[in-house]
Amino acid sequence: HVQLVESGGGSVPAGGSLNLSCIATKYSYSRYCMGWFRQAPGTEREAVARIDSDGRTTYSDSVKGRFTIPQNNPKNTLHLQMNSLKVEDTAMYFCGLQAGYCDSGRSIWWGQGTQVTVS
């Protein structure tokens with residue numbers, strides 16, 4: 001079964017940077033979508049940044065220009081470079097994997113989540 005392991009969360013001051021990592025194992029999807037999602041207390045889960053098996057990336061407006069999924073990484077790994085962090089970026093960040101195209105409607109495999117706190 002699919003396993004996702006996340007790391008890199010922590011506490012940083014506003015304006016600081018943080019890098020998240022996710023390694024996916026035990027999957028063999030020919031086409032897939034991987035991404036970072038976040039959820040703060042009292043809010044709905046939000047897609048932050050995604051990359052598909054063709055290398056295409058998508059970012060939410062709230063993080064565009066500040067967060068980046070580095071290109072040219074192994075297909076089973078997902079990183080998120082977060083710069084110019086704001087207090088409103090504080091949330092639990094989850095790594096997700098979905099077979100097929102992004103927004104295919106298929107079920108998502110989730111990591112355990114890693115907390116990002118910006119003060």
Side-chain angles (χ1 to χ4, degrees):
H1 52 79
V2 174
Q3 294 182 341
L4 302 173
V5 180
E6 299 151 294
S7 62
S11 181
V12 296
S17 299
L18 202 61
N19 295 291
L20 306 183
S21 298
C22 174
I23 300 177
T25 59
K26 302 183 186 303
Y27 80 98
S28 58
Y29 303 141
S30 58
R31 182 174 293 279
Y32 60 86
C33 178
M34 294 186 69
W36 291 99
F37 302 75
R38 67 185 182 188
Q39 185 169 22
T43 70
E44 296 182 351
R45 185 166 296 186
E46 171 193 23
V48 174
R50 300 183 298 186
I51 185 169
D52 64 20
S53 48
D54 292 322
R56 298 179 177 181
T57 55
T58 304
Y59 301 93
S60 68
D61 290 338
S62 62
V63 307
K64 191 174 300 181
R66 299 187 299 116
F67 292 8
T68 303
I69 294 180
Q71 301 293 102
N72 303 315
N73 294 311
K75 295 297 184 180
N76 68 323
T77 65
L78 180 68
H79 304 282
L80 183 65
Q81 295 180 332
M82 301 186 292
N83 299 318
S84 302
L85 283 163
K86 304 175 180 179
V87 173
E88 49 263 45
D89 293 320
T90 296
M92 184 73 74
Y93 283 71
F94 299 89
C95 177
L97 171 65
Q98 182 181 54
Y101 292 97
C102 294
D103 299 319
S104 67
R106 301 187 65 171
S107 62
I108 300 174
W109 297 87
W110 297 105
Q112 77 286 353
T114 183
Q115 179 68 37
V116 172
T117 301
V118 184
S119 60

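Numbering of residues begins at 1 and proceeds along the displayed sequence. The basis for the numbers below is simple: all heavy atoms, side chains too, and nothing from hydrogens, waters or symmetry mates.
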On a heavy-atom basis, the closest approach of Met82 and Asn19 is N-OD1, 4.3 Å

Q) With distance as the sole test, does Asp52 use its side chain to make a donor-acceptor pair with the main-chain N or O of Asp54 at under 3.5 Å? A) yes

Quiz item: Between Arg106 (side chain) and Cys102 (backbone), is there a donor-acceptor pair under 3.5 Å?
Solution: no

>> Using only atom types and a distance under 3.5 Å, with no angle test, would you say the side chain of Ser104 pairs donor to acceptor with the backbone of Ala99?
In response: yes

When every non-hydrogen atom of Leu78 is compared with those of Cys95, the smallest separation belongs to CD2-SG, 3.9 Å

For Ile108 and Gln98, the nearest pair of non-hydrogen atoms, with its separation, is CG1-NE2, 3.9 Å

Worksheet entry | Gln71 side chain to Gly55 backbone, donor-acceptor under 3.5 Å | yes

In the structure I gave you, are the side-chain heavy atoms of Leu4 and Ile23 within less than 4.5 Å of one another anywhere?
no

Would you check if the side chain of Thr90 reaches a backbone N or O of Val118 as a donor-acceptor pair within less than 3.5 Å?
yes

Heavy atoms of His79 and Ser21 approach each other most closely as ND1-OG, 3.0 Å

What I want to find out is whether Asp61 reaches Lys64 closely enough, with some N-O distance under 4.0 Å, to be called a salt bridge. yes

* To do: Answer whether the closest heavy-atom distance between the side chains of Lys86 and Arg66 falls below 4.5 Å.
  => yes

All heavy atoms of Gly113 vs all of Glu6, minimum pair found to be N-OE1, 2.6 Å

Check: With a 4.5 Å heavy-atom cut-off, do Val2 and Thr25 have their side chains touching?
Finding: no

Interatomic distance, CE@Met92 vs CD@Gln39, rounded to 0.5 Å, equals 9.5 Å

Could you tell me whether Tyr59 atom OH has more than 12 heavy atoms of other residues or ligands within 6.0 Å of it?
yes

Worksheet item: For the residue pair Phe67 and Tyr93, does the interplanar ring angle fall in the parallel (under 30°), tilted (30 to 60°) or perpendicular (over 60°) class?
Response: tilted

**Q.** Backbone of Asn83 reached by a side-chain donor or acceptor of Ser17 within 3.5 Å
**A.** no

- Applying the 4.5 Å side-chain criterion to the ILVMFWY set and letting contacts propagate, would Ile69 and Tyr29 be lumped into a single cluster? yes

Residue pair Tyr27 / Trp109, side-chain heavy-atom distance below 4.5 Å: no

Exam field: side chain Arg38 to backbone Glu46, donor-acceptor pair closer than 3.5 Å
no

Would a single hydrophobic cluster contain both Phe37 and Leu80, if residues Ile, Leu, Val, Met, Phe, Trp and Tyr are joined by side-chain heavy-atom contacts under 4.5 Å? no

Ser53 and Ser30 have their tightest heavy-atom pair at OG-O, 4.2 Å

Test side chain to side chain donor-acceptor pair (under 3.5 Å), reference Arg50, set Thr58, Thr57, Asp103, output is Asp103

| task | Answer whether the closest heavy-atom distance between the side chains of Cys22 and Phe94 falls below 4.5 Å. | result | no

